[in-house]
Amino acid sequence: MTAKSTTEFSQRRSLQPLAGLDRRGFVKTALTAGFAAAAGPLNAEAIKTDTAGLDAGEVSIPVTDGQLPAYRAMPAGGTNLPTLLVVQEVFGVHEHIKDLCRRYAKLGYMAIAPELFARLGDATAYTDIQALLRDIVSKAPDAQVMRDLDATATWARQHGGHDRKLAITGFCWGGRITWLYAAHSEAVRAGVAWYGRVVGQPSELQPRHPIDVVDSLRAPVLGLYAGNDSGIPLESVEQMRVALREGSEAARRSDIVVYPEAQHGFNADYRASYSQIDSRLATERMLAFLKARGVA
């Protein structure tokens with residue numbers, strides 16, 4: 001599937017709300033402490049960022065069917081701050097995602113991570129990753145995720161965020177969502193997708209994938225990928241790179257960088273896949289990308 005030849009199913013569907021999905025109700029109403037169980041043994045290199053100089057903690061995002069739990073970190077007392085939506089891995093908003101928010105806040109951002117699986121259950125409690133993918137991740141509608149991110153961006157603007165300095169970054173599952181949101185949102189100015197899947201089969205809940213929306217990208221995206229990713233073939237990454245060159249103006253301003261020796265999850269310092277060198281280089285590239293696009 002390419003950007004120029006989406007399936008008939010994809011053409012019929014969009015990221016608009018799907019009937020019957022608006023009132024599913026919240027299963028999870030608060031964030032869980034600690035790391036996700038399904039992520040495996042905790043790496044001794046796991047980074048712990050303190051809250052000195054920050055306003056950091058759980059907040060609630062009003063959405064049409066209730067209150068969405070989220071983690072927010074920002075410089076204490078800050079106003080008109082550049083805002084960074086942080087999109088979780090398949091494991092939900094656990095300690096690593098919270099720590100990333102604190103790291104970005106130390107750099108001057110309001111960083112906020114909404115728990116996008118809150119209607120489906122507690123992703124952090126699963127010990128079996130296949131069960132997690134089956135029971136929660138596969139059942140998260142893209143349309144709902146886009147609306148929740150819109151609501152989070154609105155909340156951020158009302159609570160210290162800048163009206164026009166909005167970016168998004170996401171990891172693994174959140175990397176895919178980052179590409180989609182850059183095509184969905186008129187407000188977002190840049191995206192940084194960390195090892196997010198770019199191709200896939202359409203379904204009712206996930207009707208399009210990043211390669212299907214390159215013609216619709218409203219903001220440029222920096223893709224950060226691993227050369228030794230068993231779940232994301234380099235052929236698909238190159239396919240996305242080619243599609244970007246033929247896509248929208250924002251697509252043509254996008255970029256993809258592959259770290260040849262890295263594995264999937266190379267930024268996840270709490271996992272065995274962590275690469276300190278590649279993580280540092282990719283983070284530096286991310287920050288430069290955001291600054292060049294006025295989100296700093």
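Just so we're clear, the structure is a prediction, and the values are computed from it rather than from any experiment.
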Exercise. With sequence neighbours left out, which residue pairs that include part of residues 115-140 fulfil the ring pair (Phe, Tyr, Trp, His ring centres under 6.0 Å) condition?
Worked result: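 Residue pairs passing ring pair (Phe, Tyr, Trp, His ring centres under 6.0 Å), neighbours aside: F117-W173.
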
Problem set entry | Worked verdict on L84 versus L290 for side-chain contact (heavy atoms from CB on, under 4.5 Å) | CA-CA 10 Å; L84 189 57; L290 296 179; 4.3 Å; yes

Nearest heavy-atom pair of [X] and [Y]: which atoms, and what distance?
| X | Y | answer |
| --- | --- | --- |
| R241 | I256 | NH1-O, 2.9 Å |
| D142 | I177 | OD1-CD1, 4.0 Å |
| H162 | P82 | CB-N, 4.3 Å |
| V188 | A167 | CG2-CA, 3.8 Å |
| V93 | P114 | CG2-O, 3.5 Å |
| I97 | G92 | CG1-O, 3.8 Å |

Could [X] and [Y] be called an ion pair, given the rule that one side-chain N must be under 4.0 Å from one carboxylate O?
| X | Y | answer |
| --- | --- | --- |
| E95 | K48 | yes |
| R147 | D150 | no |
| D50 | K106 | yes |

Using 30° and 60° as the class limits, which term best fits the ring planes of [X] and [Y]: parallel, tilted or perpendicular?
| X | Y | answer |
| --- | --- | --- |
| F266 | Y259 | tilted |
| F91 | Y270 | perpendicular |
| W155 | H159 | parallel |

Same cluster (ILVMFWY, side-chain, under 4.5 Å), [X] and [Y]:
| X | Y | value |
| --- | --- | --- |
| V63 | Y181 | yes |
| V87 | L132 | yes |
| L222 | V242 | no |
| L54 | V59 | no |

For [X], does the [atom1] atom have more than 12 heavy-atom neighbours from other residues, nucleotides or ligands under 6.0 Å away?
| X | atom1 | answer |
| --- | --- | --- |
| Q276 | CD | no |
| E186 | CD | no |
| I277 | CD1 | no |

Taking the side chain as every heavy atom from C-beta outward, state whether [X] and [Y] have any atom pair closer than 4.5 Å.
| X | Y | value |
| --- | --- | --- |
| I211 | M240 | yes |
| L224 | D278 | no |
| I47 | Y274 | yes |
| S275 | E261 | no |
| D65 | R119 | yes |

Problem set entry | Flag, side chain of Y225 to backbone of G196, donor-acceptor distance under 3.5 Å | yes

Exercise. Quick one: does R208's side chain have a donor or acceptor within less than 3.5 Å of a partner on V213's backbone?
Worked result: no

For this session: Could you walk me through whether D55 and R72 pass side-chain contact (heavy atoms from CB on, under 4.5 Å), step by step?
Result: CA-CA 8 Å; D55 287 333; R72 184 280 320 267; 4.2 Å; yes

For this session: Please test L68 against F26 for side-chain contact (heavy atoms from CB on, under 4.5 Å), starting from the C-alpha separation and ending with a verdict.
Result: CA-CA 8 Å; L68 187 70; F26 285 84; 3.6 Å; yes

Exercise. Do the numbers put R285 on top of the ring of F289, so that NZ or CZ is under 6.0 Å from the six-membered ring centre and no more than 45° off the axis?
Worked result: no

Exercise. Checking side-chain hydrogen bond (donor to acceptor under 3.5 Å, both in side chains) against Y71, which of H94, E115, R102 comes through?
Worked result: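 Looking at H94, E115, R102, the match for Y71 under the side-chain hydrogen bond (donor to acceptor under 3.5 Å, both in side chains) is R102.
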
For this session: Show your reasoning for whether side-chain contact (heavy atoms from CB on, under 4.5 Å) applies to R157 and T83.
Result: CA-CA 8 Å; R157 286 195 298 272; T83 300; over 6 Å; no

For this session: Classify the side-chain pair R280/T283 by whether it contains a donor and acceptor separated by less than 3.5 Å.
Result: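 There is no such pair between these side chains.
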
Exercise. Does one side chain, of D269 or S279, offer a donor that lies under 3.5 Å from an acceptor on the other?
Worked result: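 Short answer, no.
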
